[in-house]
Amino acid sequence: MREFAAILGRDLRVAVRQGSATVLVVVFFVITVTLFPLGVGPELNILARIAPGVIWVAALLAALLSLDRLFQADLEDGSLEQMALAGPPLEIAVLAKVAAHWLTTGVPLILAAPVLAVLLNMDGRGFLVLVAAMALGTPVLSLIGAIGAALTVNIRRGGVLLSLLVLPLYVPVLIFGVGAIDAAVFGLGGQANLLLLGALLLAAVTLCPLASAAALRLALE
Amino acid sequence: MHRFANPTRFMRLSARILPWAAGLALVLTLAGLVWGLGYAPPDYQQGDTVRIMFVHVPAAWMAMFSYTFMAVASATALIWKHPLADFSAKAAAPIGACFTFIALVTGSLWGQPMWGTWWVWDARLTSVLVLFFLYLGYMALWQAIEDPQKASRAAAILALVGFVNVPIIKFSVDWWYTLHQPASVLRLDGPAIHPSILWPLLVMALAFKAYFVTVLLVRIRSEINLRKIRAMQQARIAEEVGFAAPPAAEITGRT
Amino acid sequence: MSEFLAMGGYAAFVWPSYLIAAIVMLGLLVVSVRTWRDSKSTLEKLQDGRRDRRRPRDGAT
């Protein structure tokens, strides 16, 4: 537990010092969402209809941006090896790094999303569910992304391959995330989809660190 | 299981099976084509487009089968470190990807006259499209990692993660569209399949299976050869580096 | 015969389906066999080379 907090704290401090990752992710998020009204046209009904989808897709892509550096810095300076050999199980270290990633990229997305939803004229009934869905979904994005990051950590210019590997795995999150908001907007209530997102989160928290740690051990050989 | 672990034994065994598998594939394909294109009656609703089913459905079945095969082979490679397992998984991927592509394209060509649209985002199509991307990602990962041992383990992890994802996608997309009450769901199977159409379908399905075995064996043989080549090239490099030493040895008078 | 080719008016969909399937499957087969043949000949060349490199050494001692 203490090691978890130690790794988490260290990653957060590095992120705060560098600061650019968070800003980059949010700016990318905003710009991508902004492109849609420019491309699709400003008609408010259409924007309202596509708002949940656009916000979620942009969030997925923004989450991808910062993933390839998730393990690389630690691999390069040898601290990944230390984590694997001594101290806490590598899975705990992975969880800590993923938590730091989520706090620095996922949470800003959650905060920015409602603002963008206003810009896209999303129906008011969807806002609360939007925030809830993103709160449940963005950690899953970080967790699944960690698997891709671990698999490609040794590969030069692995970022594009990372996207190809991770985006198909993101599809259920996208579907349930958008489904929750659409259900709320249509008056059906987003609970079902939110529960499914919660289930995905639980499954991801247990399974993704295992796969990521296995891939990292592979990279360290 | 372990009797087949020996690559040399595999080469001998596959050399004997290959002609039979290939011959079977050819015969079954010809039979299926003649039956499906020539003798099967046109459907009273769908007319002659139902003949597309004889290619589309077996391809879709094989797309799912290949991924399952790949996942099982990957699990075997990771858990038991069976040497042929990762060759099998790597060999199966392009075959599965091709079948998935065929399923998507023929499905589209069937959908246009039947549904009036080249594509529809229903559960089945969407999950098959995602399956195609999973295949591509798997093959890309193999290419991206230089060391074949590492590549095989990384790809195995990816195959298993993807395998978990496939039912989730099917399930989630089904759920999504159930919540949305789709306007009209035109089902691919239509009414229960009449034997005059079912039989050519099964023949083609078996033909595709035989084709899978044929191409799989050929590709595994290639993999075994390529690994041997790589090992020999590395040994040769080591030898040549070793040959750089003799001058010093002669100077000191050692043999 | 022309009725067969016309496929009840759906020729534009039925024949391309079969053609694309045939092209893809035959293409994969050809590529796979070619890779196998190339790997086989490269392997044989390497193995012969190894035998040749060993002989002079034995001759020298």
Side-chain angles (χ1 to χ4, degrees), chain B residues 22 25 29 33 36-38 42-43 46-56 58-59 91 94-95 97-99 101-103 105-114 204 207-208 211-212 214-229 231-233 235-236 239 243 255, chain C:
Chain B
T29 307
L33 284 177
L37 287 171
D43 182 75
Q46 301 186 41
D48 283 291
T49 62
V50 76
R51 301 188 197 279
I52 299 181
M53 177 168 71
F54 301 133
V55 176
H56 171 76
I95 313 177
C98 283
F99 279 131
F101 177 78
I102 293 173
V105 170
T106 54
S108 190
L109 284 165
W110 197 3
Q112 175 57 15
M114 282 305 103
M204 286 300 273
F208 279 24
Y211 170 88
F212 174 86
T214 308
V215 178
L216 183 77
L217 290 178
V218 168
R219 296 193 73 88
I220 297 180
R221 289 165 73 86
S222 297
E223 274 311 306
I224 294 177
N225 285 351
L226 290 170
R227 292 287 176 98
K228 280 195 194 149
I229 291 173
M232 291 177 80
Q233 284 174 337
R236 176 186 264 177
E239 277 178 18
F243 276 134
T255 8
Chain C
M1 185 58 184
S2 67
E3 213 181 275
F4 176 69
L5 286 175
M7 277 291 153
Y10 291 117
F13 303 101
V14 176
W15 292 119
S17 297
Y18 277 84
L19 259 154
I20 291 177
I23 292 174
V24 170
M25 289 171 74
L26 284 172
L28 178 65
L29 183 65
V30 164
V31 166
S32 304
V33 170
R34 200 175 284 169
T35 309
W36 172 54
R37 290 233 177 92
D38 288 348
S39 70
K40 191 164 171 218
S41 67
T42 311
L43 190 62
E44 278 164 8
K45 248 181 264 166
L46 274 177
Q47 281 168 336
D48 289 338
R50 197 179 239 189
R51 270 195 297 265
D52 294 335
R53 268 183 297 122
R54 288 216 177 113
R55 243 175 262 124
R57 278 228 314 258
D58 295 338
T61 22

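We name chains A, B, ... by the order of the sequence lines, and we start the count at 1 in each one.
In this structure, no portion of B/Ile224 lies under 4.5 Å from any heavy atom of chain C. Looking at B/Ala235, the atoms closer than 4.5 Å to chain C (heavy atoms on both sides) all sit in the side chain, from C-beta outward. Residue contact with chain C, scored on non-hydrogen atoms closer than 4.5 Å, involves the backbone and the side chain of B/Leu109 alike. In this structure, the portion of B/Val105 lying under 4.5 Å from any heavy atom of chain C is its side chain and not its backbone.
With rounding to the nearest 0.5 angstrom, the NZ atom of C/Lys40 is 12.0 Å from the CD1 atom of B/Ile229.
Interface check for chain C: of the options B/Phe208, B/Phe101, B/Phe99, the most heavy-atom pairs under 4.5 Å are formed by B/Phe208. Ranked by heavy-atom pairs shorter than 4.5 Å toward chain C, the options B/Thr106, B/Val215, B/Ile52, B/Thr214 are led by B/Ile52.
A 4.5 Å side-chain heavy-atom check between C/Val31 and C/Thr35 finds at least one atom pair inside the cut-off.
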Trace of the side chain to side chain contact (heavy atoms under 4.5 Å, CB included) decision for B/Leu217 with C/Trp36
CA-CA 10 Å; B/Leu217 290 178; C/Trp36 172 54; over 6 Å; no

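B/Phe54 pairs by the ring-ring contact (aromatic ring centres under 6.0 Å, His included) definition with nothing, not counting sequence neighbours.
Contacts classified as side-chain hydrogen bond (donor to acceptor under 3.5 Å, both in side chains) and involving residues 219-228 of chain B (residues at least two apart or in different chains) are given here: B/Ser14-B/Arg221, B/Lys90-B/Glu223, B/Arg219-C/Ser32, B/Asn225-C/Ser39.
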